[in-house]
Amino acid sequence: MNSIDRIYACIKGEDRDRHPFFCVFSLYGAKLINCDLLSYYNDSNLFIEGQTAIMEQISPDVLMSPFCFAKEAEAFGCVIKYYPTSPPNVKKNPLTHPDDIYKIQIPDITNNSILKYFRESVQKLSTKFGSSTLIAAPIMGPFELAAIVIGLENFMELLLFDYQKAKYLIDLFTEYCISWSNQLAADGANIIVHPGGFSNIKMINSNMLESYVIPVLETLYAKINIPVIYHNGGYSILPFLKYLKKLPNIVGFLVDSHDDIEKSRLEIGDKFLLLGNIDGPTLIYKNPAEIKHMCINLLEKMKNDQHYIFSTSGPDLAYQTSIEQILTMKAAVVNFETAFIAV
Amino acid sequence: LEEDIKNSFFIALLNSDRILANEIIENWAKKKNYHSAVCDILEPSLKILGEKWIKNDEITFAQAFISAKIAEDILMKSLQEINTDDSFYKKQGNIVIGNIEDDYHSLGRKLLGIFLQSSGWNVFDLGNDVSPKEFVDKAIESDSKIICASAMMYSTALNIKNLRSEIDNRNLKNKLMLAVGGAVFNLHPELVDEVGGDGTSKNALDAVVLMKNLLGEVNKRGTIKV
């Protein structure tokens, strides 16, 4: 049973040899090939080299294309800053005044040199590993894109006090997100992962989710040609699952490490994939015995869950995480006997 | 009755009702003054809100953002009152604030600036991503005795170490105080010592007290001479 078989068995709720294993290894590939991050996040060949090392040394069931939203924001005019051991961050937004939103240029997804990096990465991942491994492409939704391109506080100001301008931005970015997602699908991605960086309980309450976000995501997801997994975006989403589960074209939820995974399953019902929920960025602080214990506890909770994928939650694993820590986690999953053993 | 008014104001904050919150303050200020509105209504409510924010799951960013806007509305009115009635406020001096290099989370810093201003400080807000040299240059140029460096994330908080070095390398230790703040310091109080901060406060309200104390420390030791 290869990774694709395992994931699709999980989607269908069929027997499989073990739970699928997924971590956010976008950054970690750079560590394995000892590559500086400026080069890694600009040269798709280096990204593929890093992911090849991930496959050789860890062999997860899902590979992710570059998880680097600041880089995508660069295509919209943001100035970004690179760091030695973490993904780049937006240093400066292109706008100096709220009225400047009307000057925002949507990059040409077919020719833009920055977006080309993402597209080539997906194409090469798909060509090299796509026959046996699921290729997931993370995207920003319209709200995350607006927040990163004009700044979170500027966007919040528009959303709450000048909705006409906010709506202009949301509509503009929704069209872009649809085109971008479908382009990545055409390039070889099997699934879209949408981290709801704006749509979690730390950012907004359920009223705002229902009135502002859900209608936009309904439009967006319905027009994406491949399935969507909703990612927690770094904070709890359990209270929002009852709204999110009604969205079209959504196949699963990656919940936060603070979310009760059993309650999450109860909330979404038994047809969706459920992913999570070891906190990836803080794995670095655990020794192998602690990691094994943590993983076994989680796996025990989920052993009868036909649609469960073992996964880290949150953003990338920290650069400083040791390969031993990761392999301890992987071994826990591989060696754990599920209730659904494929014959 | 006053308790009812205070509760109504707090609920208006939670409901992100900017208009109602301002109305409550206006009515209070008509009967008393804006200084009382700030001290007796705004500050206690923001304090509770801040505590809930630190607990991490009861207050959303959107609520905190609107509360900051409401606080800004009220404090700006309070500032206007200062111009006509100086008896409530004593001029505290100059102070430099900014987010440390690589940090772009400005909401807390802006709120701090407003509170300091309303407490009599002449605030020089350098904005986001401020280098150690910029901080210290501005402090010297403006004859400020305190720098407030803000950071939200662990990785950017560590950049404050470079500001500590800049202050020390220019022989300004104990003459130019370094106040540090931001969400990460609430989560990891040990960071204050690690980055070389002279003090911190849990929120913008408590910062006013901190600055008074730090100023007292400097005044004991003398003024900046370069």
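Just so we're clear, the structure is a prediction, and the values are computed from it rather than from any experiment. Both backbone and side-chain heavy atoms feed into the values below; hydrogens, waters and symmetry mates do not. Per chain, numbering begins at 1; letters A, B, ... match sequence-line order.
Listed by chain and number, the residues in a side-chain hydrogen bond (donor to acceptor under 3.5 Å, both in side chains) with Arg18(B) are Asp73(B) (sequence neighbours excluded). Remark: Asn159(B) engages Asp102(B) in a side-chain hydrogen bond (donor to acceptor under 3.5 Å, both in side chains) (not counting sequence neighbours).
Using a 4.5 Å cut-off between heavy atoms, Met156(A) touches chain B through backbone and side chain atoms alike. Residue Lys91(A) touches chain B through both its backbone and its side chain, counting heavy-atom pairs closer than 4.5 Å. The contact between Asn205(A) and chain B is made by backbone and side chain atoms together, counting heavy-atom distances below 4.5 Å.
Look at Asp125(B) and Lys138(B) and you find no salt bridge, because none of the NZ, NE, NH1 or NH2 atoms lies under 4.0 Å from a carboxylate O.
Ranked by non-hydrogen atom pairs under 4.5 Å with chain B, the options Asn89(A), Ile204(A), Asn200(A) are led by Ile204(A).
Proximity of the aromatic rings of Tyr28(A) and Tyr319(A) is defined here by a centroid distance below 6.0 angstrom, and this criterion is not met.
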